[in-house]
Amino acid sequence: MSMKTTLITTNTDVVANAPIGLFDSGVGGLSVFRHLQQVLPHEGYLYYADTLNVPYGNRDNNEISALTLNAVDWLIEQKCKLVVIACNSASAHGLELARNKYPNTPIVGLVPALKPAVQFSKTKKVAVLATGATLNGDLLNNVIDDVASPNQVMVVKWFEPNLVPWVEAGMPQTSDTAKLLKKQLHQFYNQGVDQLVLGCTHYPFFRDFLMAEVNKHHMDMDVIDSGRAIANRVKDLLLKQNLLIEMKQTDETTCQQMWQKKAQLHVGSLSFYASLYDDNLKQVVTRLLSQT
Ligand code: DGL
């Protein structure tokens, strides 16, 4: 799909039945979409995955900013009523820029769920699993300075570059990445970590994998992410702007059909677009969306 840069700086002609736009470097943002779908079941969703450039996490900050703005430009061009940058790495380096460029569109970004982790930690030791771009970004480090440090909570940061490609590949359980992840979980536990924050939107897809190990070894540990909080935030913003769809739309009133027709993949209320699309991606998306 070709991505054009647009000069549109306002989005005043949005209507309530316009879609909610979501963007991630790849399939990770689908973990946020699953929460949105539960909290806002009558909305239409337009998802853009920049699979041509995934992973973002070890890219240069300026490159991430440019790719993020490009994606947000496209979602605004499609007249999305609200945009979720469903990627912690893209939010770390593109959220402020996107908000400055489009002051009339609500733009929601992600930051690892460190605040609840600090609140619930009994051992005062939490771990954040995220990409290098997120771990070095101001969004997370401001939360560490403002919330973790004043509460004497120690934050252990961990980035494993193979995790995102592993999720994009459908999480084969026999891979070395699966073994490494299990090993690291035990290491965190032995260090006294009792809250594990999944600070990348790809990671909630392996939460069940981690929880199986947590339960098997009776570890006193929570594994958390920010998906549900983001969905609630989106609901609040739409309510405030009178843009919430509260009832199922009839075929006459819905204007989703246009995006559905053009989408590379259409699943329920989701119209999925990717900068690089193939059958393998189709299978991964379908499988992740059917994961309970
Ligand atoms: N889902 C992105 C995030 O939340 C993935 C990062 C990547 O592409 O490396 O950070």
Side-chain angles (χ1 to χ4, degrees), residues 24 26-35 38 55 57-58 86-89 110-135 140-141 143-144 147-149 151-231 284 287-292:
D24 181 44
V27 297
L30 294 173
S31 69
V32 180
F33 164 70
R34 293 195 311 179
H35 287 284
Q38 278 167 12
N58 32 15
C87 174
N88 291 266
S89 313
L110 264 87
V111 64
L114 186 56
K115 279 186 197 170
V118 166
Q119 190 188 343
F120 295 120
S121 178
K122 295 187 283 282
T123 58
K124 301 255 177 202
K125 211 178 231 193
V126 310
V128 179
L129 272 60
T131 68
T134 300
L135 295 176
L140 174 66
N141 286 301
V143 184
I144 293 179
V147 182
S149 304
N151 285 290
Q152 289 83 44
V153 171
M154 186 183 157
V155 179
V156 182
K157 294 175 172 178
W158 191 64
F159 172 39
E160 168 46 56
N162 287 317
L163 287 176
V164 166
W166 181 58
V167 174
E168 295 280 325
M171 295 182 290
Q173 306 281 299
T174 49
S175 86
D176 287 347
T177 307
K179 287 177 208 141
L180 180 77
L181 190 55
K182 262 190 201 172
K183 198 172 146 208
Q184 187 60 41
L185 176 73
H186 284 276
Q187 203 160 313
F188 284 139
Y189 190 63
N190 294 337
Q191 286 172 350
V193 167
D194 68 347
Q195 299 286 323
L196 196 61
V197 180
L198 302 179
C200 166
T201 53
H202 281 72
Y203 300 174
F205 287 115
F206 57 70
R207 183 175 184 275
D208 287 353
F209 172 82
L210 291 175
M211 286 313 293
E213 194 69 6
V214 164
N215 293 332
K216 186 172 161 194
H217 295 276
H218 309 289
M219 298 175 180
D220 188 5
M221 193 189 267
D222 279 342
V223 182
I224 61 171
D225 64 77
S226 43
R228 180 53 62 130
I230 291 298
V284 171
R287 194 154 75 83
L288 291 178
L289 288 177
S290 63
Q291 205 175 299
T292 48

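Residues S149 and I144 are in side-chain contact: their nearest non-hydrogen atoms beyond the backbone lie under 4.5 Å apart. Proximity of N88 to T131: side-chain heavy atoms (C-beta onward) are nowhere separated by under 4.5 Å. Taking the side chain as every heavy atom from C-beta outward, L198 and L210 approach each other to under 4.5 Å. Looking at F188 and M219, their side chains never come closer than 4.5 Å, going by heavy atoms from C-beta outward. Side-chain contact between I224 and F120: absent, with no pair of heavy atoms (C-beta onward) separated by less than 4.5 Å. Using a 4.5 Å cut-off on side-chain heavy atoms (C-beta onward), V284 and E168 make no contact. Side chains of F209 and M171 form no contact here, defined as non-hydrogen atoms less than 4.5 Å apart. L30 has its side chain within reach of F205: a pair of non-hydrogen atoms, C-beta onward, lies under 4.5 Å apart.
In this structure a side-chain-to-backbone donor-acceptor pair under 3.5 Å is present from D225 to G227. Judged purely by atom type and a 3.5 angstrom limit, K122 has no side-chain atom pairing as donor or acceptor with the backbone of D194. Proximity of a side-chain donor or acceptor of R34 to a complementary backbone N or O of Q291 within less than 3.5 Å is detected.
Nearest heavy atoms, A169 versus P172: O-CD, 4.0 Å. Across all their heavy atoms, L110 and A86 have their closest contact at CD1-CA, 3.8 Å. In this structure, D24 and G29 approach most closely via the heavy-atom pair OD2-N, 3.2 Å. Residue K157 comes nearest to L135 through the heavy atom pair NZ-O, 3.0 Å, listed as atom of the first residue, atom of the second, then distance. Across A127 and V193, no two heavy atoms sit closer than the pair N-CG1, 3.7 Å. Taking both residues in full, the closest heavy atoms of P204 and T201 are given as CD-O, 3.3 Å, listed atom of the first, atom of the second, then distance.
For the atom pair CG (D222) and CE (M211), the distance works out to 7.0 Å, reported to the nearest 0.5 Å. The CD1 atom of I230 lies 10.5 Å from the NE2 atom of H35; values are rounded to the nearest 0.5 Å. Taking NZ of K179 as the start and OG1 of T174 as the end, the distance is 7.0 Å to the nearest 0.5 Å. Note: T123 OG1 to M221 CE = 8.5 Å, rounded to the nearest 0.5 Å. Between the OG atom of S121 and the CG atom of L114 there is a distance of 10.0 Å, given to the nearest 0.5 Å. We find the OH-NE2 distance between Y189 and H218 to be 10.5 Å, quoted to the nearest 0.5 Å.
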CA sep, side-chain torsions, deciding dist, call: Y203, V223, side chain to side chain contact (heavy atoms under 4.5 Å, CB included): CA-CA 10 Å; Y203 300 174; V223 182; over 6 Å; no
Residue pair L289, F33: steps toward the side chain to side chain contact (heavy atoms under 4.5 Å, CB included) verdict: CA-CA 9 Å; L289 288 177; F33 164 70; 3.7 Å; yes
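For R287, there are no side-chain hydrogen bond (donor to acceptor under 3.5 Å, both in side chains) partners two or more places apart in sequence or in a different chain. Remark: K115 pairs with V143, V147 by the side chain to side chain contact (heavy atoms under 4.5 Å, CB included) rule, at least two apart or across chains.
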